[in-house]
Amino acid sequence: MTAGCREADRQPGQPRLFRLWFALLAVAALVLGAGLARAEDQRARADIWSLKLGTPASALPHDAFDDYACGSNGGPPQQLLAGWADYDKCRSEPNGLREVYFRYDDELEYRAKAHRAQTMIAQYAGTKVFDFPVIVSALFDADGVLAGLRIVSDPRDTSRDRDEAYLLRNFLTARYGRDGWDCVDLPLAEGETPVARTFIKQRCRKTIEGTAVAEIETHFFRKKGQNQFDPQSGRTTEGQFESLARFELTLAK
């Protein structure tokens with residue numbers, strides 16, 4: 001076969017090669033676009049740190065969060081609310097503030113599940129602070145001004161080991177600077193015992209830039225009646241301990 005014939009034999013494959021290149025470029029463009037979209041989503045998602053103390057309820061982002069309700073001192077939601085503006089429907093706490101429970105928007109979580117993006121699913125699953133499952137709420141004064149934020153470990157969420165909940169304290173103190181905290185060890189109640197050799201029952205307080213006060217209460221111990229081993233069977237128990245981090249940031253008075 002002559003060289004000319006061999007060259008002619010190659011020519012029909014050239015369009016196929018070009019199509020392959022175009023397909024690869026298209027895939028690369030889709031991947032790049034998806035990556036940019038993910039980066040944009042990461043910047044756009046609101047969390048509790050998006051809420052600025054001193055902001056009127058009417059000026060807070062409404063569509064950025066879900067499931068507004070009256071809070072229960074850092075516990076599960078109670079009466080459902082339409083949004084921030086309904087804060088006055090909630091019972092006033094002893095300090096005069098009213099607690100509005102809310103939950104992070106889950107749109108990005110469902111997008112991640114649709115694309116089977118495991119890293120993003122883990123990032124956006126549930127309402128979390130520093131990857132710890134939490135119950136978050138906003139505290140409003142009588143004039144409807146955001147006067148406080150509350151974060152409490154959520155024992156209902158099993159996406160992270162519950163015995164690690166108290167470790168959230170370390171991340172919160174780091175956020176506001178590890179120095180300058182005034183900490184007090186709280187007295188043991190009847191029947192409270194360590195978990196292994198660890199017993200933590202502490203409350204810490206710090207003034208932040210003269211405008212706000214941060215308070216953290218941390219628990220890690222066994223309550224009365226909780227045991228490492230079942231007294232009947234001798235088997236190791238599960239979940240018989242209190243592991244908690246409770247944080248509040250309020251406007252200084």
Side-chain angles (χ1 to χ4, degrees), residues 43-110 124-130 132-157 165 168-169 171-173 175-176 181-182 186 203-219 242 244-253:
R43 290 194 298 270
R45 192 193 194 196
D47 57 22
I48 193 169
W49 309 121
S50 306
L51 305 177
K52 305 304 179 185
L53 297 186
T55 305
S58 59
L60 292 173
H62 177 274
D63 295 335
F65 303 101
D66 287 328
D67 296 348
Y68 297 97
C70 290
S72 58
N73 195 24
Q78 297 185 328
Q79 178 185 351
L80 297 180
L81 304 175
W84 304 119
D86 286 342
Y87 72 92
D88 57 351
K89 295 182 180 180
C90 302
R91 181 179 302 176
S92 177
E93 297 185 349
N95 59 6
L97 301 182
R98 299 174 187 267
E99 181 185 16
V100 175
Y101 166 101
F102 62 96
R103 185 176 59 78
Y104 290 177
D105 180 55
D106 56 13
E107 179 182 353
L108 295 178
E109 178 185 352
Y110 283 106
Y124 293 125
T127 297
K128 297 182 178 180
V129 169
F130 299 115
F132 288 85
V134 292
I135 296 172
V136 292
S137 52
L139 307 174
F140 293 90
D141 66 16
D143 297 320
V145 173
L146 181 64
L149 302 173
R150 179 175 287 159
I151 300 171
V152 182
S153 306
D154 188 353
R156 305 167 302 171
D157 190 321
L168 174 58
R169 171 191 65 175
F171 294 85
L172 292 167
T173 54
R175 177 180 175 86
Y176 291 99
W181 291 91
D182 182 16
L186 304 175
R203 184 181 295 130
C204 297
R205 178 184 174 96
K206 180 179 181 178
T207 300
I208 310 298
E209 298 177 353
T211 61
V213 175
E215 293 182 282
I216 303 176
E217 185 161 334
T218 311
H219 293 178
E242 165 126 328
L244 167 79
R246 179 187 177 92
F247 172 82
E248 290 187 12
L249 181 71
T250 53
L251 289 173
K253 297 181 179 179

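Because only heavy atoms are used, hydrogens play no part in the values below, and waters and symmetry mates are left out as well, while side chains stay in.
Every residue was checked against the side-chain hydrogen bond (donor to acceptor under 3.5 Å, both in side chains) condition with Arg98, not counting sequence neighbours, and none meets it. Take Phe130 and apply the ring pair (Phe, Tyr, Trp, His ring centres under 6.0 Å) test, not counting sequence neighbours, and it matches Phe171. Annotation: salt bridge (charged side-chain N to carboxylate O under 4.0 Å, His left out) contacts of Arg175 (sequence neighbours excluded): none. Under the rule for a side-chain contact (heavy atoms from CB on, under 4.5 Å), the partners of Glu242 that lie at least two apart in sequence or sit in another chain are His219, Phe221, Lys223, Leu244. For Asp141, there are no salt bridge (charged side-chain N to carboxylate O under 4.0 Å, His left out) partners two or more places apart in sequence or in a different chain. Take Asp47 and apply the salt bridge (charged side-chain N to carboxylate O under 4.0 Å, His left out) test, not counting sequence neighbours, and it matches no residue. Residues meeting the side-chain hydrogen bond (donor to acceptor under 3.5 Å, both in side chains) test with Thr218, sequence neighbours left out: none. A search for ring pair (Phe, Tyr, Trp, His ring centres under 6.0 Å) contacts involving Tyr68 returns His62, Trp84, not counting sequence neighbours. Contacts of Glu93 classified as side-chain hydrogen bond (donor to acceptor under 3.5 Å, both in side chains), with partners at least two apart in sequence or in another chain: Arg150. Scored by the side-chain hydrogen bond (donor to acceptor under 3.5 Å, both in side chains) test, Thr250 finds no partners at all (sequence neighbours excluded). When the salt bridge (charged side-chain N to carboxylate O under 4.0 Å, His left out) test is applied to Glu215, the partners found at least two apart in sequence or on another chain are Arg205.
Put simply, the side chain of Thr127 never gets that close to the backbone of Arg103: no donor and acceptor are under 3.5 Å apart. Of the possible polar contacts, one joining the Tyr104 side chain to the Ile48 backbone as a donor-acceptor pair under 3.5 Å is found.
Ala142 and Tyr87 make their closest contact through O-OH, 3.6 Å (heavy atoms, listed as atom of the first residue, atom of the second, distance). Nearest heavy-atom pair across Ala245 and Ala165 is CB-O, 3.8 Å. Nearest heavy atom pair, residue Ile135 against residue Gly74, reads CD1-O, 3.5 Å. Considering all non-hydrogen atoms of both residues, Ser153 and Pro155 come closest at O-CD, 3.2 Å. Contact between Gly210 and Ala252 at its shortest, heavy atoms only, is O-CB, 4.1 Å.
Side-chain polar atoms of Ser137 and Glu99 form a donor-acceptor pair below 3.5 angstrom.
To the nearest 0.5 angstrom, Leu146 atom CG is 7.5 Å from Leu251 atom CG. Remark: Gln79 CD to Cys70 SG distance equals 4.5 Å, nearest 0.5 Å. Leu97 contributes atom CG, which lies 8.5 Å from atom CD of Glu248 (distance to the nearest 0.5 angstrom). With rounding to the nearest 0.5 angstrom, the CZ atom of Phe102 is 5.0 Å from the CG atom of Leu51. Atoms CZ and CZ, from Arg203 and Arg246 in turn, are 9.5 Å apart once rounded to the nearest 0.5 Å.
Taking the side chain as every heavy atom from C-beta outward, Tyr176 and Ile216 never approach each other to under 4.5 Å. Between Val145 and Phe140, the closest side-chain pair of non-hydrogen atoms is not below 4.5 Å.
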- Query: Can you list the steps and then say if Leu172 with Phe132 is a side-chain contact (heavy atoms from CB on, under 4.5 Å)?
  - Reply: CA-CA 11 Å; Leu172 292 167; Phe132 288 85; over 6 Å; no

Please set out all donor-acceptor pairs under 3.5 angstrom arising from side-chain atoms of residues 52-59, sequence neighbours excluded.
{"unit_1": "Lys52", "atom_1": "NZ", "unit_2": "Trp49", "atom_2": "O", "d": "3.1"}
{"unit_1": "Thr55", "atom_1": "OG1", "unit_2": "Lys52", "atom_2": "O", "d": "2.7"}

